[in-house]
Amino acid sequence: MTETKRLLNQAATLRHTHDTRFKTARLSLYTVMPAHAERSPLTTLLFGILRRGSELYPRLALLNRRLDELYGTTLTIRNYLHGDNHVVCYTAEMAEQAFLPPSDAHTDILGGVMELLADVILHPLTQEDGTLRAAAVEAEKVSLCDSLRALRNDTRVYAGNRLREIMCQGEPYGLSIGGSVEQVMAITPEEVTAHHKALLETTRMEVFYTGRASEETVSAAWKKAFGCWDPTLAETPVTRPHTPPHTPRQATEDMAVSQGKLCMAWACGENISTLKNTPDASAAYAVCNELFGVMQNSLLFRHVREELGLCYFCDSALDMTKGILWVSCGIRPDKRGEAEAAITRQLTRMQRGEISPVEVELAKLSLKNAYSQMGDSQSSLEVFALNRLLGGISSTPEEELARIMAVTPADVARAAQRFQPDTVFFLNGTAEGDGEEDYDE
Amino acid sequence: MNKIISRTCERLEEGYTETRLPCGLRILVCPKDRHSYHAAITVGYGSMDRFAGERTLPMGTAHFLEHKMFERDPALFGGSDSYDDEFSTVGAESNAYISHDRTVYYFSCTDRFPEALRALLSMVSELYVTKQSVSRERAIIGEEIRMNTDDPWERCSAGARTALFGRHPLQEEICGTLSSIRRITPAILREAFDTFYRPDNMILTVCGRVSMEEVVAIADSVMGGLAPKPPRAYQPAVPRVRVSASAFSPRTIRYRPVSKPLFCIGVKCPAAPAEGKALWKRDLTVSVLCETLFSHAGDFYSTLFESGTVSPGTSYGFLVGNSPRLPAPFAYGYFDLSGECDDPDTVMDAFLAFVERIRREGLPREDFERAKRVIYADFVAAFDTTEDVASLLGSYVHDGLCAYDFFDALESITLSEAEALFDRVFRPEQYTLSAVLPLEAAE
């Protein structure tokens, strides 16, 4: 496996990994921009419109048929917040030519995928005046509004989103990148067309490729497809850590469901960028989170689920782009107080240093397993590289793992002590009955 | 140990070996140069298997047992009451899942593979439960049931399954219900364990930097002492389930706090062949047929999407199954198409019209050929990770078959075979529409 980096133009960089271990190759194009209350909904809407058809593939069906012809290439578009940045990523996973039937062994899948992506991104269908097709804009507006309303359908995701919005209100990270229904419905075709042009003129594109094609082949395919495009580089701001409030926030919403969702957050006031020169502290935070609520036998799993039987799931997550520790669990609404106390008790235990060296070793082993497996996954390596890139650091998985393995119980306690209570959000289940459907055995 | 059979595939540059221990455990090993190892043990026991000898087990027993298999006697393991401790100690990540016809326990690790494999095999070889631990687990599973009950997609597809299958075990909740799990006791779990957790009812699949000889040595050290058991009767004395080729109800509506209606069109498929090559071919033919008809590249989806009738994300799924553990009338299969829409009845009308058009005009050859390419690529991609390989070997390989026969089987599917299957599957009396509507629609 060899990794190289090459500038494709002023705004685009190719990070190429030559790896012959896989049957599929992976190509991702990331566009990264600051999250913004007005521009992010336009971006979200725009990328939905672009997926509906392009000059060469004017209908969705034709676009999808082309992907199928390219031996079932899958195209995934992800639209998400990465700290204070808004990221849109196109990922194509395509069969390596070596594994195609002999009759199709000469199909140029990579070239075909690049051509399709360039057409989708650079050459959308427009009306005679150059404006994006009004029908496509209107249809996508309805679709986006539906998806905004549908966020409530998954109560776990909804509760997590509400916690983030309340906790980070006023920061880019607290935004809904899809905007509100009212905001989306007010967008005109002219506005979204102008936004598309502005994005094409100034942008930042990170291209990742992992597979058997050489760097020259990938680079040539990109230049053939995207060669006519010459933007200037948009600088990406470095995300700032979230600052915990003086008084922790609490919020509750009712919903007619049987299970409540309790979401809690703590903030440490540091993040991946501010810890650039003290990477050992980053490692301690990672071990702290692993022990708290990630590993197989985490504190939350053992004490909140197994001992107290309060929930089916109770997990933690650490977002070091903002320095936030999250916990999410599903409980009976009347168990809220008990669950909140039990979760807090486990964090307090860590803060007091009431954790054994064995527990810390197990957390480190769990992380070692995760880091070691990273080398087997094209997507994991890509996400790792992007996170470090946007955080402005350049460590390798091996370097980070070495720091993790050096973490001591005292380091974990110090990391835990940095987390201050920030926000608790409770989605209160108000459905009548006990979650039992009528069922006749 | 029986002889070791080698399977290789030049096209994929892949190979695996298989054998069976005297105790009956079947083992498949695929060596792969990766950092990670993945091992899975598939037990031929799922939520449908409600009949142990003469007794009918409460709904949710198989799932309850899956939870309890991680527990062990602390008196024998230095105070540790969970195999989770064992896996954590060697840095392995383990878990389990269950479907209608199987329970799968697995782990992945990058180090100390022999110890992790020993823990996995020990875990499925013994059961330790107490009244207290069963009671505690009931509360945890109760929350899992509430979580599923709140999931509108789950409710929508459950509505379709119930309408299609009446009282067939296939439509039952895998986790059981709050009332059914109240009836599960340590004695019931013991009976289920003794009936189904037998080496001859398990398949061990392993992928990573390991040989068959190494795996056999470990498996032998854990299970080698187990004597083969005499066959057990799995069938109920009298099948107590009404069986019909038709759906039991054409339409089911539920109300939930959703923003937009959800739909699930269910189609009951005729019984699949019992086992082996014929079942596999049926499974592949259904894959190709469904991809031909309902892929996002096809006319049906794109027309509905572009007209705003359905939301992005509309998708299809199918289950082609059979089980030697079930009497013939229990053979099953179904297809479903689900998504979000403004009006489920409009989607159902479009579905009916589309199916009638295909019946008149036949399957488009171009779509059929394209579907075969997609299925081909999906199969090839499954060899990228140790996890996918171990999982594929466990689920695709039936007795006497080689996973790589996939290519010949796929190439052998003809348009006329797919059309013949279409005629058998897509019949109006076999359809049902399940919908979940917003609460406001009930007012």
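Computed from a predicted structure; not experimentally measured. Numbered from 1 within each chain, the chains take letters A, B, ... in sequence-line order.
- Looking at A:V257, the atoms closer than 4.5 Å to chain B (heavy atoms on both sides) sit in the backbone and in the side chain alike.
- Heavy-atom distances place the side chain of A:S143, and not its backbone, under 4.5 Å from chain B.
- Of the atoms belonging to B:I375, not a single heavy atom falls under 4.5 Å from chain A.
- For chain B, no part of A:E96 is nearby; none of its heavy atoms comes within less than 4.5 Å.
- In this structure, B:F406 and B:F379 have parallel ring planes: the angle between them is below the 30° cut-off, well short of the 60° mark.
- Contact of B:Y376 with chain A is made through the side chain alone, with heavy-atom distances under 4.5 Å.
- No part of B:D378 comes within reach of chain A, as not one of its non-hydrogen atoms sits under 4.5 angstrom from that chain.
- For B:E143 and B:R136, the salt-bridge test fails: no basic side-chain N is under 4.0 Å from an acidic carboxylate O.
- For a residue to count as touching a neighbouring chain, one of its non-hydrogen atoms must lie under 4.5 Å from one of that chain's; by this rule A:R59 touches chain B with backbone and side chain alike.
- At a 4.5 Å heavy-atom cutoff, the contact between B:D111 and chain A is made by side-chain atoms alone.
- Residue B:L439 touches chain A through its side chain alone, counting heavy-atom pairs closer than 4.5 Å.
- B:R50 and B:E172 are joined by a salt bridge, as a carboxylate oxygen and a charged side-chain nitrogen come within less than 4.0 angstrom of each other.
- When heavy atoms are compared at a cutoff of 4.5 Å, B:S307 does not approach chain A at all.
- In this structure, chain A has heavy atoms under 4.5 Å from both the backbone and the side chain of B:D85.
- Using a 4.5 Å cut-off between heavy atoms, A:A139 makes no contact with chain B at all.
- Between B:R373 and A:D68, no side-chain nitrogen of the basic residue sits less than 4.0 Å from a carboxylate oxygen of the acidic one, so the salt-bridge criterion is not met.
- Proximity to chain B (any heavy atom under 4.5 Å) is restricted, for A:L310, to the backbone atoms N, CA, C and O.
- Here B:R155 does not pair with B:D150 in a salt bridge; the nearest charged N to carboxylate O distance is not below 4.0 Å.
- Taking 4.0 Å as the cut-off between side-chain N and carboxylate O, B:E306 and A:R52 do not count as a salt-bridged pair.
- Neither the backbone nor the side chain of A:D154 comes within contact range of chain B, judged by heavy atoms closer than 4.5 Å.
- Ion pairing between B:E154 and B:R146 fails under the 4.0 Å rule for side-chain N and carboxylate O.
- Ion pairing of B:D384 with A:K23 is absent here, as no side-chain N (NZ or NE/NH1/NH2) approaches a carboxylate O to less than 4.0 Å.
- For chain A, the nearby parts of B:S88 are the backbone and the side chain; heavy atoms of each come within less than 4.5 Å.
- A salt bridge is absent between B:D81 and A:R302; no separation between the charged side-chain nitrogens and carboxylate oxygens falls under 4.0 Å.
- For a residue to count as touching a neighbouring chain, one of its non-hydrogen atoms must lie under 4.5 Å from one of that chain's; by this rule B:E14 touches chain A with the side chain only.
- For A:K335, the NZ atom is loosely surrounded, since the number of other residues' heavy atoms within 6.0 Å does not exceed 12.
- Taking a cutoff of 4.0 Å between a charged side-chain nitrogen and a carboxylate oxygen, A:R26 and A:E382 qualify as a salt bridge.
- With a 4.5 angstrom heavy-atom cutoff, B:E13 touches chain A via backbone and side-chain atoms both.
- Proximity to chain A (any heavy atom under 4.5 Å) is shown, for B:S94, by both the backbone and the side chain.
- With a 4.5 angstrom heavy-atom cutoff, A:L308 does not touch chain B via any of its atoms.
- Looking at B:Y301, only its side chain comes within 4.5 Å of chain A, counting heavy atoms on both sides.
- Taking a cutoff of 4.0 Å between a charged side-chain nitrogen and a carboxylate oxygen, A:R149 and A:D146 qualify as a salt bridge.
- Contact of B:A92 with chain A is made through the backbone alone, with heavy-atom distances under 4.5 Å.
- Using a 30° and 60° split on the angle between ring planes, B:F294 and B:F300 fall in the perpendicular class, above 60°.
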